[in-house]
Amino acid sequence: MAVAKVRPRKQSSEKKATTKRTRKQSSSSSNNNDDDDEPLNKKLKSNGKNSTNKNDEVKDEDIPLGQLEKTKSKTKVISPKEEDIENDNELTLSQIKSNIDKSIQIEKVSNSSDNKSLTENEEDSSEYKWWEEDLDDGTEKWQTLEHNGVLFPPAYESLPDLVRLIYDNKPVKLPAQAEEVAGFFGAMINTDHAMNPVFQANFFKDFLAVLKEAGGVLEPKNLKITKFDKCNFQPIFDYYEQKKEEKRQLSRTEKKALKEEKELLEESYKFCYLNGRKEQVGNFRVEPPSLFRGRGKHPKTGSLKRRVYPEDIILNLGKNATVPNPPAGHQWGEIRHDNTVQWLAMWKENIFNSFKYVRFAANSSLKGISDYKKFEKARELKNHIEKIRQDYREKLHSKVTFERQIAVATYLIDVFALRAGGEKGEDEADTVGCCSLRYEHITLTPPNNVTFDFLGKDSIRFYQEVVVDKQVFKSLKLFKKAPKKSGDQLFDRLDPSILNKHLQNYMPGLTAKVFRTYNASKTMQDQLDGMEIKLEQPVQEKILLYNAANREVAILCNHQRSVGKNHETSVQKATDKIEQIIWQKIRFKRALLQLNPKLKKTEGKMFEDIEDLTKEKELEIIKRVTERDLEKFKRKFLNDNEKRKEKNEELLPESQLEEWLDKVNKQKDLYIEELENDGKLSDEFMEKVSKEDKLRDKIHKFEQRIINANLQLKDKEDNSQVSLGTSKINYIDPRLSVVFCKRYNVPIEKVFTKTLRDKFKWAIEGVDDNWRF
DNA sequence: GAGATGACTTAGAAGACTCCAT
DNA sequence: ATGGAGTCTTCTAAGTCATCTC
């Protein structure tokens, strides 16, 4: 996985940006000279009054749900089975309202197939630009909140009678509840999870419990299931695979119809009204029951995650909001009116007894405001980082172990972007962060080399060989001194809350995670600053540079992704393809010379690469190209005939295939003849390309293609293990990307997907060209 | 002050969709 | 038109951290 890298970060580069400030810092960033005139900057008033009343005047579209006039009509949406806890098919007023919204939206979308995103944008943001308002810092998150509750997963559908679990070579009929759990496992027997013994054991334990609850096996009557190894899930697996295949085989229109049906069902849950404004809900779907897929060596992986019922759910609504109807025959667990929190609904899951929340979408004002505050806090750290670093360098010499641990921990968090590292329970995967690092996680090699090797969040390996400050090295040695041994805490005097308390002495609100945001965005800014980007460069090249900067940040934060199974093949393919284009280019250059031999003298430079391919290489390419074409025609022959068969048409004769293959082979012979004649092209070929201009044009195009393909290949290889998305979404101040795009005339769509453009609308619309992190 | 609880952000995997070569 | 690779979105696990409780 991770590759050993020595990557000591330069501390000195900070200096320029963090000249010491003497003024008192009362509000977040207004003391930064470089952004005094920046519109976003007037926010975060500490005691400001709520600004929400400005929307008293609501547009028609924005009438709060509860205030809609009653209408008698009931609309059928879908027909869930009676006993389902699917959502009521009797629509509430608000649902009706939402459906109206929906139909408007559908109309809009269908009217403008060529400019879909624009329409959606208009629809989504009933245009509350919070970033143009003064923000208030109080604990109240909202005044009114209305929504339609949550969407439940469909009820379990029993397997057909013939599809059964096989136990001890006998088909077994299970009660529906147990069958469902067996189905969870059966559907995934081809995954890595299902091969993990811990997963299997946890699944099987919970399966047996459910089976017992449900009264045991139905048929054969006295059969007792006791051994996992005697279970054969293949028929269940095959059944679900077949279902998937059937779905895949649906026609375009059928798929579309299904999708529309699904959307209609979801429509009323997608939006809510916050202070009377329409906002998107994020995860309005209740998590379906399943087997828990823990990451890494999770002791509970495979455990049954039980179905959530309306009775389990707490809805959070405004006091005057209409309570959405629970599914027929059910009640909500609780209705709460807590306006100090951002969640719309929550429930307790059964594996850890922790809460799951339904929240606003990333493009909502509340999330946007939090995001904005996060980055402003990170920027505020600019004003303190100098002092913090100075302090921890001093304290590295402290005689007091506690102080020394604080200093080293802060150093590691600052320089290597470690997470805080809270304590973890027995029933969780063994992963660590800074404060929870143990003896065995670092190896010290004099004079001052440190190897980190531990599993971090999500059990992602953190492996780095680095050079550290001499005093840090000494301190770490001290923290590892006997009687400490493997398994012992390195920072035995620390935990995140102690560390954070210490950090807050420097800056209110400063915690360990702020360093990650700060250093990530700072790195991005420095990277972009350090690049030589020219306005007239092709956009694609500029994007590549942007991605290179993004990649540095991702590496800093250790954001990884698993290398795809066919990564290697795909790299090989790309390499082969580039070779083929080079070969073509050379052939065309030869043709050009053949047409006009004088060019060798007048434009010698152009023909320098004409000998780049050895004969052996060329032969290899010819073979490959031939092979590829032969395959292609064979496939075409099969495909064509299959289609003809379906349509009851006459099949293509074998001779047709032979004719095609013959053509390919003849072409191959021509290539080889060329090769044997030292690259002299056939008369036939020369006739086709008789014009010098056209040849030059072709050659130019080949060259462009080679450049592009090489760039792409490089990007692909560099990115194969690094995940750029996480840092772009969470760590890099979006204003950096916006300013980059503006300055270098790159369309914002090239760096932010639609979702990100929505999420970062505040940055896209609210930043001026000279903004700096 | 330690531990539990609750609420929020951050994370990679998986699934859905798109686009390009054929 | 098709199908596969690559991109984007969704899902939900796994962190952080503030606050509450004793």
Side-chain angles (χ1 to χ4, degrees), chain A residues 139 141 188 191-193 244 247-248 252 255 259 262 282-288 290 292-296 298 300-301 305 314 316 338 340-343 346 348-349 351-357 359-362 366-367 370-371 373-374 419-425 428-429 431-436 455-460 495-501 503-504 509-514 516-517 520 554 557-562 564 566-567 569-570 573-574 577 628-629 631-633 635-636 639 643 712 715-716 719 723-727 729-731 752-759:
Chain A
T139 49
K141 306 281 168 69
M188 60 186 289
T191 65
D192 288 348
H193 286 293
K244 268 193 230 163
K247 214 173 148 192
R248 228 172 284 146
R252 197 171 274 254
K255 279 183 188 160
K259 208 181 154 195
K262 190 170 156 244
N283 54 330
F284 50 84
R285 257 180 284 266
V286 170
E287 290 175 20
S290 63
F292 171 67
R293 298 176 182 211
R295 310 252 166 95
H298 199 298
K300 292 220 168 183
T301 192
K305 195 168 84 175
I314 302 173
N316 195 26
D338 184 353
T340 66
V341 294
Q342 297 195 14
W343 52 265
M346 73 171 200
K348 207 167 216 180
E349 52 82 48
I351 296 177
F352 305 100
N353 268 326
S354 67
F355 291 122
K356 299 276 192 172
Y357 299 89
R359 305 164 175 288
F360 291 94
L366 281 178
K367 288 270 196 192
S370 310
D371 222 26
K373 286 181 177 171
K374 173 183 77 184
R419 296 186 184 83
E423 203 192 347
K424 294 199 72 186
E428 294 173 280
T431 63
V432 299
C434 183
C435 294
S436 49
L455 298 183
K457 182 178 180 181
D458 291 304
S459 294
I460 296 294
D495 68 28
S497 82
I498 294 170
L499 185 64
N500 286 338
K501 226 166 255 165
L503 291 173
Q504 291 179 2
L510 181 61
T511 62
K513 79 193 269 283
V514 180
R516 270 169 80 82
T517 317
C557 296
N558 200 39
H559 291 145
Q560 302 188 10
R561 57 174 187 172
S562 46
N566 29 27
H567 173 72
T569 3
S570 114
K573 254 189 195 168
K577 206 170 135 193
R628 181 197 64 191
D629 290 350
E631 278 305 312
K632 196 172 78 189
F633 280 113
R635 224 177 315 130
K636 180 177 161 60
N639 284 347
K643 268 185 224 152
Q712 272 171 20
D715 207 40
K716 184 193 224 147
N719 279 334
S723 157
L724 302 189
T726 309
S727 50
I729 293 167
N730 300 300
Y731 287 105
F752 287 156
T753 62
K754 168 85 170 65
T755 333
L756 282 189
R757 291 198 297 280
D758 284 347
K759 171 176 163 140

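All of these numbers come straight from a predicted model, not from anything done at the bench.
- Among the heavy atoms of the strands, none lies under 4.0 Å from A/Ser497.
- Within the 4.0 Å cut-off from OP1 or OP2 of C/dC17, not a single side-chain nitrogen or oxygen of A/Gln504 is found.
- Rounded to the nearest 0.5 Å, atoms SG (A/Cys434) and CG (A/Leu499) are 7.0 Å apart.
- Between the P atom of B/dA7 and the NZ atom of A/Lys367 lies a distance of 13 Å, rounded to the nearest Å.
- Within 4.0 Å (heavy atoms only), A/Arg359 reaches at least one base atom of the nucleic acid.
- Residue contacts shown for A/Gly421 are limited to sugar-phosphate atoms, with no base heavy atom under 4.0 Å away.
- Of the candidates B/dC8, C/dG15, B/dA11, B/dA11 carries the atom nearest the A/Tyr731 side chain, counting heavy atoms from C-beta on.
- When the side-chain nitrogen and oxygen atoms of A/Lys255 are compared with OP1 and OP2 of B/dC17, none of them lie within a distance under 4.0 Å.
- Counting non-hydrogen atoms under 4.0 angstrom, A/Lys141 reaches the backbone sugars and phosphates but no base.
- In this structure, A/Gly282 and A/Glu423 both approach DNA chain C, and ranking their closest nucleotides by distance from the 5' end singles out A/Gly282.
- Remark: A/His298 is in phosphate contact with C/dA14, judged by side-chain N or O atoms under 4.0 Å from OP1 or OP2.
- Picking from C/dC8, B/dA13, C/dT12 the nucleotide with the shortest atom distance to the side chain of A/Lys305 gives C/dT12.
- One interatomic measurement links the two molecules: NZ of A/Lys501 to C1' of C/dT19, which rounds to 11 Å at whole-angstrom precision.
- For C/dT7, the OP1/OP2 oxygens have no side-chain nitrogen or oxygen of A/Thr753 closer than 4.0 Å.
- A cation-pi arrangement is present between A/Lys300 and A/Phe352, with the terminal nitrogen or guanidinium carbon under 6.0 Å from the aromatic centre and inside a 45° cone about the axis.
- In terms of position along DNA chain B, the nucleotide closest to A/Thr340 lies nearer the 5' end than the nucleotide closest to the other residue of the pair A/Thr340 and A/Ser727.
- Using modelled atom types and a 3.5 Å distance limit, the side chains of A/Ser354 and A/Glu349 yield a donor-acceptor pair.
- The distance from atom NE2 of A/His193 to atom C1' of B/dA14 is 10 Å, rounded to the nearest whole Å.
- Rounding to whole angstrom units, NZ of residue A/Lys457 and C1' of B/dA13 are separated by 14 Å.
- Closest to the A/Glu287 side chain, of the nucleotides C/dC17, C/dA13, B/dT9, is C/dA13.
- The two residues A/Lys424 and A/Thr431 have their closest heavy-atom pair at NZ-OG1, 3.0 Å.
- Looking at heavy-atom distances under 4.0 Å, A/Ala512 makes contact with sugar-phosphate atoms alone, never a base.
- In this structure a side-chain-to-backbone donor-acceptor pair under 3.5 Å is missing from A/Asn500 to A/Thr511.
- A/Ser370 has a side-chain polar atom (N or O) that falls below the 4.0 Å cut-off from OP1 or OP2 of B/dT9.
- Between A/Thr726 and B/dG12 there is a side-chain N or O to OP1 or OP2 distance below 4.0 Å.
- Along DNA chain B, the nucleotide closest to A/Leu366 and the one closest to A/Thr191 are compared, and the more 5′ of them pairs with A/Leu366.
- Distance, A/Asn283 CG to B/dC8 P: 13 Å, rounded to whole Å.
- A/Ser354 comes within 4.0 angstrom of no nucleic acid atom, judged by non-hydrogen atoms across all strands.
- Per the geometry, NZ belonging to A/Lys300 stands 19 Å off P belonging to C/dT12, to the nearest Å.
- Across the interface with DNA chain C, nearest-nucleotide mapping of A/Val514 and A/Leu756 shows A/Leu756 to be the residue nearer the 5′ end.
- Neither OP1 nor OP2 of B/dT9 sits under 4.0 Å from any side-chain N or O of A/Tyr357.
- Residues passing the side-chain hydrogen bond (donor to acceptor under 3.5 Å, both in side chains) test with A/Lys247: none are found, sequence neighbours excluded.
- In the set C/dT12, C/dC11, B/dC8, C/dC11 carries the atom at the smallest distance from any side-chain atom of A/Arg285.
- Considering only side-chain N and O atoms, A/Asn730 lies nowhere under 4.0 angstrom from the phosphate OP1 or OP2 of B/dT9.
- A donor-acceptor contact shorter than 3.5 Å links the side chain of A/Thr191 to the backbone of A/Met188.
- A/Glu428 comes within 4.0 angstrom of no nucleic acid atom, judged by non-hydrogen atoms across all strands.
- When rounded to the nearest whole Å, the span between CZ of A/Arg419 and P of C/dT16 equals 7 Å.
- Nearest to the side-chain atoms of A/Asp458 among the listed nucleotides B/dA11, C/dC17, B/dC8 stands B/dA11.
- The CZ-C1' distance, from A/Phe355 to B/dT9, rounds to 18 Å in whole Å.
- Nucleic acid contact for A/Glu349: none, since no nucleic acid atom lies under 4.0 Å from a heavy atom of the residue.
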